Amino acid sequence: MATTEHPPPSRLRAWMLEGLSDMGKGRQGAPRPAKAEPVHKGQRWWRVMCLTGVDYFSTLGYQPGIAALAAGLLSPVATIVLVVVTLAGALPVYRRVAEESPHGEGSIAMLERLLTFWKGKLFVLTLLGFAATDFLITITLSAADASTHLVENPHLADALHDRQVLITLVLIALLGAVFLKGFLEAIGVAVALVGLYLALNVVVVVTGLWHVATEGHVISDWSTALTAEHGNVFAMVGVALLVFPKLALGLSGFETGVAVMPHVEGDPDDTEANPKGRIRGTKKLLTTAALIMSVFLIATSFITTLLIPEKEFESGGEANGRALAYLAHDYLGNAFGTVYDVSTIAILWFAGASAMAGLLNLMPRYLPRYGMAPHWARAVRPMVIVFTLVGFLVTWIFDADVDAQGGAYATGVLVLISSAAIAVTIAARKAGQRNWTIGFAVISAVFLYVTVANVIERPDGVKIGACFIAGIILVSLLSRLARAFELRVTSVTMDGMAQRFVRDIASRRIRFIANEPDNRDITEYREKIEQIRADNDVPAQEDFVFVEVTVLDPSEFEAGLTVRGEVLHGRYRVLTLESSSVPNALAALVLHVRDTTGCIPHIYFEWTEGNPFTNFLRFFLFGQGEVAPVTREVLREAEPDRARRPRVHVG
């Protein structure tokens, strides 16, 4: 295919566009080789779990404090409800997502397959907005909590007082710098960080439980206060269910767990089409991570609620956003506490790395394929700069406040989990699995309730999510508009009959007639030729080949083009094409014919009736409309040399 010539890129441009993301290669519907290719070796599932764990396990840095603020004395009971929902709801859902989407596409790809045309694209863009909310707030919230641990450290409190926003911005900038340099393999670092962090948390939890056991009045004081406040067990469970949406941060990490699936080692006989070993390893990853996190959530919620004064959890308190670090310093000394702070800061910062990797995995998988992102969006470094700048903006808006960002984070997490639950419910129904369908439907209802309750309770979350959605849709549509006149055809394949037509007509002058198929009767083709001859003063001895394009899904942006030839009514040669856009398909065809024959084709059109602006909108949205001038513009952009450009005639 002909392409526009560009001058050699500058060194900066070449560096910025180096290492284009190829995450979309494994997407559903992408062409695959006829022979099944073996899957790359990958890493053991428990090592990849640590890559997920830097996001999932790092929430221990702030989850106990958030739970205490939300539920007060009821925090351990509310956390048990969270664990039940995790193990009985989120875990089965994402184990099924791993089966249905084994190449890391996640639940968004499952739902994408259910919807077509523009409604499908807009639905995916909306989910991408919530995914961006989830991942970007992960970056900013984790960096903010890391800076909180740094600022609140007794050895650094005086020097770093009132510097939390600046420290958070520096941490986000350092994260961006890592990816600008080249982030290829983080699993080794993740294993070390997760191993150290969990080991230190075991020490803190065991120490906390020992103090609870040896200070008998602590449990009695807590149970007495809890009974006085809520009355009975049923009232406690009811209140715990009501405050549960505020604890939704403890569900983070599942979407990341599916996104890292391609890194999981499979069986020797695994193929990309059937990676059984990878799926089995990912299920182990998800289950083990959920069990480890569940134990830590219950234990840490219990000891922090019983051992930390309630006022310390509030804004400005020493345990706000750092409850376990507070216990580490209080019971194990400042030396151990400082080591704990360092490990927490490191894993929280690296949780941002996990989220950044998720963004770089997710966005290039969809937006460029939809034509809704510039070409450079496939490159890692420009996207890192964009995400880092957005992280700066979010940090500035929220003033690096962990509690203020919790609502937006929870909204993103809950929307993604709800969409996953709905996707697996539909998948189970299509598979005829009645019991699973009922079970997943119940789980979907639970998560939808939690999502709605969270939005009502903390509307700031859906507001920031709506901002991301509006931004993504606006930028996507503007990008689609800017790229409307690209060739948008990746390849052209002609069958034997079509090749015969082209070879025959190339011996004279190649003349095509663009025809919008109607009845396809003999009268239609005869009158069309007579009109073209009269409008363009073409001699009677010149012959033509008709070209007819059928628009399939106008929301698709680029694809290969298959050309088929047929003879109608014993005399009219017709080339039929199927594409998402009539002008782009016609331009790709005549350029291909020029390149294969060495002759300059001529293509003839009628003027389209109606308002030009309305016709352009028809082209933009439905692939039809102002065909003749748009075809000419596509050719002009694809072939800058006027002498080699196919000729467009309009009458």
Side-chain angles (χ1 to χ4, degrees), residues 50 53-66 68 139-175 178 188-212 296-297 299-301 303-309 311-354 395 400-403:
C50 293
V54 293
D55 176 17
Y56 194 21
F57 299 144
S58 68
T59 58
L60 290 171
Y62 47 82
Q63 176 70 15
I66 290 176
I139 293 172
T140 58
L141 184 146
S142 298
D145 197 47
S147 65
T148 299
H149 283 76
L150 200 61
V151 170
E152 296 293 337
N153 184 279
H155 300 298
L156 302 172
D158 294 335
L160 300 180
H161 184 63
D162 293 333
R163 296 286 190 273
Q164 185 167 349
V165 174
L166 177 61
I167 295 170
T168 303
L169 293 175
V170 170
L171 290 175
I172 295 173
L174 289 174
L175 178 66
V178 169
V189 177
V191 170
L193 283 177
V194 168
L196 175 63
Y197 184 66
L198 292 183
L200 293 174
N201 273 288
V202 168
V203 174
V204 175
V205 167
V206 170
T207 302
L209 291 175
W210 183 82
H211 277 276
V212 169
F296 273 108
L297 282 173
T300 56
S301 174
I303 63 174
T304 53
T305 302
L306 269 64
L307 297 176
I308 299 177
K311 62 183 179 64
E312 298 295 347
F313 289 111
E314 298 173 358
S315 180
E318 293 184 14
N320 181 256
R322 56 185 299 275
L324 293 177
Y326 176 92
L327 292 180
H329 282 278
D330 200 31
Y331 289 121
L332 295 165
N334 287 337
F336 180 89
T338 298
V339 173
Y340 185 86
D341 282 338
V342 170
S343 71
T344 304
I345 291 167
I347 197 169
L348 284 168
W349 176 72
F350 216 69
S354 176
T395 297
D401 189 330
V402 174
D403 297 330

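The shown structure was predicted, so the numbers you read here are calculated from the model rather than taken from an experiment.
Residues Thr140 and Thr168 have side chains not in contact (no heavy-atom distance under 4.5 Å, counting atoms from C-beta outward).
Partners of Phe296 by ring pair (Phe, Tyr, Trp, His ring centres under 6.0 Å), not counting sequence neighbours: none found.
In this structure, Thr344 OG1 and Leu60 CG are separated by 9.0 Å, a value rounded to the nearest 0.5 Å. Atom OG1 of Thr395 and atom CD1 of Ile172 lie 3.0 Å apart (nearest 0.5 Å). To the nearest 0.5 Å, the span separating CG on Leu332 from CG on Leu327 amounts to 9.0 Å.
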Contacts table for residues 191-208: side-chain donor-acceptor under 3.5 angstrom, sequence neighbours left out:
unit_1, atom_1, unit_2, atom_2, d
Tyr197, OH, Gly61, N, 3.3
Asn201, OD1, Tyr340, OH, 2.8
Asn201, ND2, Tyr197, O, 2.9
Thr207, OG1, Val203, O, 2.7

Please table the atom pairs, donor to acceptor, closer than 3.5 Å between any side-chain atom in residues 346-353 and protein atoms at least two apart or in another chain.
unit_1, atom_1, unit_2, atom_2, d
Trp349, NE1, Leu171, O, 3.1

Is there a side-chain contact (heavy atoms from CB on, under 4.5 Å) between Asp341 and His329 once you walk through the steps? CA-CA 9 Å; Asp341 282 338; His329 282 278; 2.7 Å; yes
Criterion side-chain contact (heavy atoms from CB on, under 4.5 Å) on Leu307 and Tyr326, from CA distance to verdict: CA-CA 10 Å; Leu307 297 176; Tyr326 176 92; over 6 Å; no
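Glu312 places a side-chain N or O within 3.5 Å of a backbone atom of Glu318 that can act as its donor or acceptor partner.
The two residues Ala323 and Phe313 come nearest to each other via the heavy atoms CB-CE2, 3.9 Å.
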